[in-house]
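Sequential numbering from 1 along the given sequence is applied to the chain's residues. First listed ligand is number 1; within each ligand, the first listed atom is number 1.
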Amino acid sequence: MGIGDRFQQETSYRRDDPTQGSAGILSTPDRDGPHHLLPHPDLTNSSSLWEALRNRRSVRSFTGEPISEVELASILWAAQGITDSQGRRAFRTAPSAGALYPVETYVAIQAVTDLTPGIYYYQALEHCLVQLSTGDAAQAAARAALDQQFIAQAAITLFWTAVFERSEVRYKERAYRYVYLDAGHIAQNTALAATAQGLGSCQIGALYDDECNALLGVDGEREAILYMTTIGHPATQGRAS
Ligand SMILES: Cc1cc2nc3c(=O)[nH]c(=O)nc-3n(C[C@H](O)[C@H](O)[C@H](O)COP(=O)(O)O)c2cc1C
């Protein structure tokens, strides 16, 4: 039996052996660096949900033009923004199993008006960016994504990691199913937010795990890369691969 089949078996719930643990922890990664407060998302100047659903397509050709800071802020808010607080709990735009929010968002900024290119961590609770490094983030993102060169022309590339223990505390091995489901919700929110603003996006699953983890400064065990999305002004419509 391959690891995929074993994973599916060993993470199954069975009526006689429910693997339910205690309540989760709500820690956030402690990332050092200059903080940059983002503008509020623009929730008015965009197309309807139905138009965004109709128009979303994976785009693999970008003009290289910068996106605005409000466009960036709106995309990050759509991905993981806080929409409601109840006591110590903060609920977000995307659902999360047990409201444990194991997924973290990082962004490689190449072309955003008034922002220095580099790698940033999105701190959802404060709706701010923490600058982790500066430099040619687009080339670094393209290299880490199996050298898919079209990524180097994008304005931004989002990286999603999981802090597995946040979900494992409650769901044990089954947590590994849920973190990927969480990431899928976040990625679709992101793609629709890009489309609604006239931008193009492409989800990226073909990536070198170690290179992505090194780029983001995460250890690859406690916290590890799951998924990416690259976004920019579309040049031509991309062909499905
Ligand atoms: C999990 C996942 C991983 C993907 N990885 C890549 C990728 O690494 N490179 C790429 O060009 N497209 C990637 N895609 C985009 C798919 O090729 C695309 O969604 C598919 O061809 C359907 O086209 P559409 O998105 O335009 O509807 C990925 C999509 C998903 C859902």
Crowding at NE2, His35 (>12 non-hydrogen neighbours, <6.0 Å) = yes
Do Tyr122 and Gln80 meet the criterion of a side-chain donor-acceptor pair at a distance under 3.5 Å?
-> no
Looking at [X], which atoms of ligand 1 are within less than 4.0 Å of one of its heavy atoms?
| X | value |
| --- | --- |
| Gln148 | 7 (C), 8 (O), 9 (N), 10 (C), 11 (O) |
| Ala206 | 8 (O) |
| Gly205 | 3 (C), 4 (C), 5 (N), 6 (C), 7 (C), 8 (O) |
| Phe150 | 11 (O) |

Would you call Met228 a ligand 1 contact, heavy-atom distance under 4.0 Å?
-> no
Show which side-chain atoms of residues 142-149 pair as donor or acceptor with protein atoms under 3.5 Å away, not counting sequence neighbours.
unit_1: Gln148; atom_1: NE2; unit_2: Ala145; atom_2: O; d: 3.2
unit_1: Gln148; atom_1: NE2; unit_2: Ala206; atom_2: O; d: 3.2

Let me have the donor-acceptor pairs involving side chains of residues 129-139, under 3.5 Å, with sequence neighbours excluded, atom names and distances please.
unit_1: Gln131; atom_1: NE2; unit_2: Tyr120; atom_2: OH; d: 2.9
unit_1: Asp136; atom_1: OD1; unit_2: Ala138; atom_2: N; d: 3.3
unit_1: Asp136; atom_1: OD1; unit_2: Gln139; atom_2: N; d: 3.1

Best match, Arg56, Arg60, Arg57: closest heavy atom to atom 11 (O) of ligand 1 | Arg60
Ligand 1 to Ser58 polar contact by distance, N or O atoms, under 3.5 Å = yes
Has ligand 1 got any nitrogen or oxygen that is less than 3.5 angstrom from a nitrogen or oxygen of Cys202?
-> no
So which heavy atom on Ile119 is nearest to which on Ala108, and how close?
-> CD1-CB, 3.8 Å
Answer yes or no: is there a donor N or O on one side and an acceptor on the other, between the side chain of Ser61 and the main chain of Ala235, under 3.5 Å?
-> no
